[in-house]
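Since the structure comes first, as structure tokens, the remarks are kept for the end.
The structure presented is a predicted model; accordingly, all values stated were derived computationally and were not measured. Proteins come first, then strands; the chains are lettered A, B, ... in the order of their sequence lines, and each starts at number 1.
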Amino acid sequence: MKNPFNEHVRVRFAPSPTGFLHIGNLRTALYNELLARHFNGDFILRIEDTDRTRIVEGGVENICRSLQATGVIPNEGIWLDEKGELFERGDYGPYLQSACRERHLEQAEKLVTMDKAYYCFCSTEHLDDLRKKQQAKKQPTMYDGSCRKLDPTEARKKVESGESHVIRLKLPKHGLISFNDIIRGKVTFDWSVIDDQVIIKSDGFPTYHLAATSDDNHMAISHVLRGEEWVSSTPKHLFIYEAFGWKIPQFAHLPLLLNKDKSKLSKRQSDVATEDYLKNGYLPEALLNFVALLGWNPSAEREIYSHDELVELFSVEKINHSGAVFNLEKLDWLNSQYIKQLPKKKYLKLARTYLETAITDDAYIDRCLLMLSDRIVRFGNVTDLAKDFLDLKKDYSGVSLTWKKQTTEDATEKLEALKELLESLSADDVAKMEKSESAIKSLILERGWTNGETLWPLRVALSGQEKSPSPFELLAIYGKDRSLGLLENALKHLRAS
RNA sequence: GGCCCGUUCGUCUAAUGGUUAGGACAGCGGCUUUUCAAGCCGUUAACAGGGGUUCGAUUCCCCUACGGGCUACCA
């Protein structure tokens, strides 16, 4: 995308601290960051905490942590330092919305004096009642405007006497309002269907509509990239920009992330917290890559892009118009691709942080983890995968130590010979796959056996499973002594049956 | 109910006023093989429907259907 406005790009990600970073919001944050970095602009983190009832303790820190973990890092706004303390950086603060309340209040009052807003004294009961009646009659649910007609002097007197009130926007009653969305093109609304929005609540805090608009202006935001759910309130925001004569930013409304049933991605149906994906062992790079390609695609001939490549290729105009189902299967595949690309050292380090085991033999654990590296989809299941190769108590119940129609006696004969062979090998040779493989294969050749009737019992003896990595890999990770122990166990089991 | 937005394989998507409509995941089949996984190769599968415009529409326009969002003193 060229920068058609030839201006400094300033974008913001402005979540509410309601507990965690929603995965859809991670994508919104990412797209903002990609746009900013693509044009060497600024990416700002602002926290919208004007709904005092929904604030969750630690919510801001959590958002910062998730952004940091995924590498979507603002260069202005709210930060979290190493000690876990929040601080602000930038010339356009405060970046915590509640700290701007005075400005919001002043601006709301100014709108009232400009006759662009008015005091409203209607009770929530009255409004609920009104809405119910309208719904019953299948009429559009809108404020009846009773306070809109109030004499301004009277209204002010009531306010001064301490009567509970809100401030509502005094929107036009007819005519059209249009704006140009970078993604969708021209979007038009009829003013008559847009309600007089509350901009200051009775608790004295502004609503999103005033606060976000005011802050975007204050912070000189050039492009507003936000979720599609905001399309229908954009006219209200435009009204405020125009009332004050502020410069209007470019808008781009992002398609939503969807559940399997195509409704808006929700906690009910899907995992939505970024931190949970990370906890489950998805790599931040893979998660970011995946989420970036949900609703936007630079070429479609490639699936794997680094963060820097995304920055390079990003363009808002190429963002899709329709929502995207959050498809876990593809995420799993992508993550496994990223895991396979990991350098050995890093892979082991990560796998170890997820692995729960009582075993203390590090070299053994490492060999086991390396063996599993192309079986791991996400690190969250590493313990499950490794369990059977770290815990050597195998009872062989429910698995067959015999290959196809092989008899127990035959399998016993093979295992006994293999045991003898292993005993004759040095521990070093057992630890080397090529050595044990060639020794075993020549034994098979020598005796005129088949691979199946020899290798199957061996492999099941070593793994305790009918499906597992190859016996040579298993010998190598266990080493001579453990392997011999397992063969002995298997033989006992065969003799007893 | 009203308003707004959307609609290419099951899913994520590409491309185009003239293509055998491309790729990826999943599925299926094969190779490899002692089994599984991985890998490699192959394969099934889509332009929502109807009208226009046009020599020609998946592509442009309209209608319908379907889906979604909004319709709060939540964001």
Side-chain angles (χ1 to χ4, degrees), chain A residues 14-16 18 25 48-51 53-54 120 122-124 127-128 131 134-143 164-168 181 183-185 187-190 192-195 197-209 211-212 226-235 253 255-256 258 260-264 290 293-304 320-334 336 340 371-377 385 403-404 444 450-460 463 465-472:
Chain A
S16 293
T18 53
N25 276 160
E48 310 223 329
D49 58 344
T50 55
D51 184 354
T53 64
R54 298 217 310 172
C120 172
C122 294
S123 68
T124 31
L127 295 172
D128 287 348
R131 191 162 34 244
Q134 288 167 335
Q135 275 164 355
K137 286 189 205 157
K138 303 213 169 193
Q139 286 172 341
T141 52
M142 286 184 81
Y143 176 54
S164 175
H165 64 280
V166 302
I167 298 179
R168 282 180 188 275
D181 187 288
I183 297 168
R184 286 152 216 282
V187 182
T188 303
F189 290 85
D190 196 315
S192 67
V193 302
I194 303 171
D195 214 0
Q197 183 67 47
V198 170
I199 53 170
I200 300 290
K201 298 176 272 189
S202 55
D203 68 357
F205 277 87
T207 59
Y208 174 89
H209 308 282
R226 65 196 347 176
E228 190 190 332
E229 67 268 28
W230 294 108
V231 171
S232 41
S233 33
T234 303
H253 290 97
L256 264 15
L258 272 25
K260 252 198 162 106
D261 70 357
K262 303 228 174 197
S263 57
K264 189 172 162 180
F290 178 66
L293 265 33
L294 246 31
W296 170 76
N297 203 300
S299 73
E301 300 297 317
R302 239 178 95 188
E303 304 297 324
I304 296 180
N320 289 159
H321 296 191
S322 54
V325 173
F326 197 87
N327 178 208
L328 276 180
E329 281 164 345
K330 191 148 182 182
L331 207 212
D332 281 346
W333 172 80
L334 196 61
S336 70
K340 288 186 188 91
M371 178 188 75
L372 295 170
S373 68
D374 57 11
R375 291 165 190 267
I376 291 186
V377 169
L385 283 171
W403 164 243
K404 291 188 175 168
I444 291 170
T450 66
N451 280 340
E453 64 194 15
T454 318
L455 265 17
W456 174 277
L458 175 61
R459 191 180 53 72
V460 177
S463 66
Q465 294 174 356
E466 296 198 345
K467 298 174 180 180
S468 80
S470 82
F472 313 113

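Heavy atoms of A:Tyr143 sit nowhere under 4.0 angstrom from any nucleic acid atom. Heavy atoms of A:Pro471 sit under 4.0 angstrom from at least one base atom. At the heavy-atom level, A:Gly295 lies under 4.0 Å from the strands shown only through sugar-phosphate atoms. If you check every strand for non-hydrogen atoms under 4.0 Å, A:Thr188 touches sugar and phosphate atoms only. Nucleic acid contact class of A:Lys467 (heavy atoms, under 4.0 Å, all strands): base.
If you take atom C1' in B:A21 and the same atom in B:C61, they sit 23 Å apart, rounded to whole Å. Atom name C1', nucleotides B:G23 and B:C66: the rounded distance is 27 Å, in whole Å. Rounded to whole Å, the separation between the C1' atoms of B:G67 and B:A48 comes to 11 Å. Nucleotides B:U35 and B:U16, compared at atom C1', are 48 Å apart to the nearest Å. Nucleotides B:G10 and B:G6, compared at atom P, are 23 Å apart to the nearest Å. When the P atom is compared between B:A26 and B:G69, the two are found 29 Å apart, to the nearest whole Å. For B:U58 and B:U13, the C1' atoms lie 15 Å apart once the distance is rounded to whole Å. For the P atoms, the distance linking B:C5 with B:A45 amounts to 36 Å, nearest Å.
By the 4.5 Å heavy-atom criterion applied to side chains, A:Gln197 and A:Tyr143 are not counted as neighbours. The shortest distance between side-chain heavy atoms of A:Lys330 and A:Leu293 does not fall below 4.5 Å. A:Ile183 has its side chain out of reach of A:His253: every pair of non-hydrogen atoms, C-beta onward, lies at least 4.5 Å apart.
Listed nucleotides: B:C25, B:U34, B:C36. Nearest to the side chain of A:Glu329: B:C25. Among the nucleotides B:A37, B:G23, B:U34, the one closest to any side-chain atom of A:Glu303 is B:G23. Proximity note for A:Arg184 (side chain, C-beta onward) versus B:C4, B:G6, B:U35: the nearest is B:G6. Listed nucleotides B:U35, B:G6, B:C25 differ in distance to A:Asn327; the shortest reach to its side chain belongs to B:C25. Comparing B:C4, B:A37, B:U35 by their nearest atom to the side chain of A:Val187 picks out B:C4.
No side-chain donor from either of A:Ser322 and A:Asn320 sits under 3.5 Å from a side-chain acceptor of the other.
Remark: P of B:U11 and NZ of A:Lys260 are 11 Å apart, rounded to the nearest angstrom. In this structure, the NZ atom of A:Lys137 is 16 Å from the C1' atom of B:G2, given to the nearest Å. One can place CG of A:Asp374 at 8 Å from P of B:G39, the figure rounded to the nearest angstrom. Computed from coordinates, the A:Lys330 NZ to B:G23 P distance equals 13 Å when rounded to whole Å. The distance between atom CZ of A:Arg375 and atom C1' of B:A37, rounded to the nearest whole Å, is 4 Å. Note: CH2 (A:Trp403) to C1' (B:U35) measures 7 Å, nearest angstrom. Taking atom NZ of A:Lys404 as the reference point, atom C1' of B:U34 lies 9 Å away to the nearest angstrom. Atom-to-atom, CD1 of A:Ile194 to P of B:C5 comes out at 12 Å; the value is rounded to the nearest Å.
Base pairing annotation: B:G6 forms a Watson-Crick or G-U wobble pair with B:C66, both donor-acceptor distances under 3.5 Å. Searching all strands for a Watson-Crick or G-U wobble partner of B:C74 with both distances below 3.5 Å returns nothing. Nucleotide B:G17 has no partner under the Watson-Crick or G-U criteria, as no pair reaches both atom distances under 3.5 Å. Taking a pair to require two hydrogen-bonding distances under 3.5 Å in either a Watson-Crick or a G-U wobble arrangement, B:A57 remains unpaired.
Listed pair A:Asn320 / B:U8 fails the phosphate criterion, with no side-chain N or O lying under 4.0 Å from OP1 or OP2. Of the side-chain N and O atoms in A:Trp333, one or more sit less than 4.0 angstrom from OP1 or OP2 of B:C25. The side chain of A:Asn451 contributes an N or O atom lying less than 4.0 Å from OP1 or OP2 of B:U34.
With sequence neighbours left out, A:Ser233 forms a side chain to side chain contact (heavy atoms under 4.5 Å, CB included) with A:His209, A:Trp230, A:Lys236, A:His237. With sequence neighbours excluded, the residues forming a side chain to side chain contact (heavy atoms under 4.5 Å, CB included) with A:Leu258 are A:Leu256, A:Lys262, A:Val325, listed by chain and number. Under the side chain to side chain contact (heavy atoms under 4.5 Å, CB included) criterion, A:Val187 pairs with A:Phe179, A:Asp181, A:Arg184, A:Phe189, A:Val231, sequence neighbours left out. When the side chain to side chain contact (heavy atoms under 4.5 Å, CB included) test is applied to A:Asp190, the partners found at least two apart in sequence or on another chain are A:Leu176, A:Ser192. Annotation: salt bridge (charged side-chain N to carboxylate O under 4.0 Å, His left out) contacts of A:Asp49 (sequence neighbours excluded): A:Arg52.
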### Task
Indicate for each nucleotide in nucleotides 67-75 of chain B, in 5' to 3' sequence, whether protein heavy atoms under 4.0 Å reach the base (B), only the sugar-phosphate (S), or nothing (-).
-SSSSSBBB
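Nearest-nucleotide positions on RNA chain B place A:Ile183 closer to the 5' end than the other of A:Ile183 and A:Ile376.
Under a cut-off of 6.0 angstrom, the local environment of NZ in A:Lys340 is crowded, with over 12 non-hydrogen atoms contributed by other residues, nucleotides or ligands.
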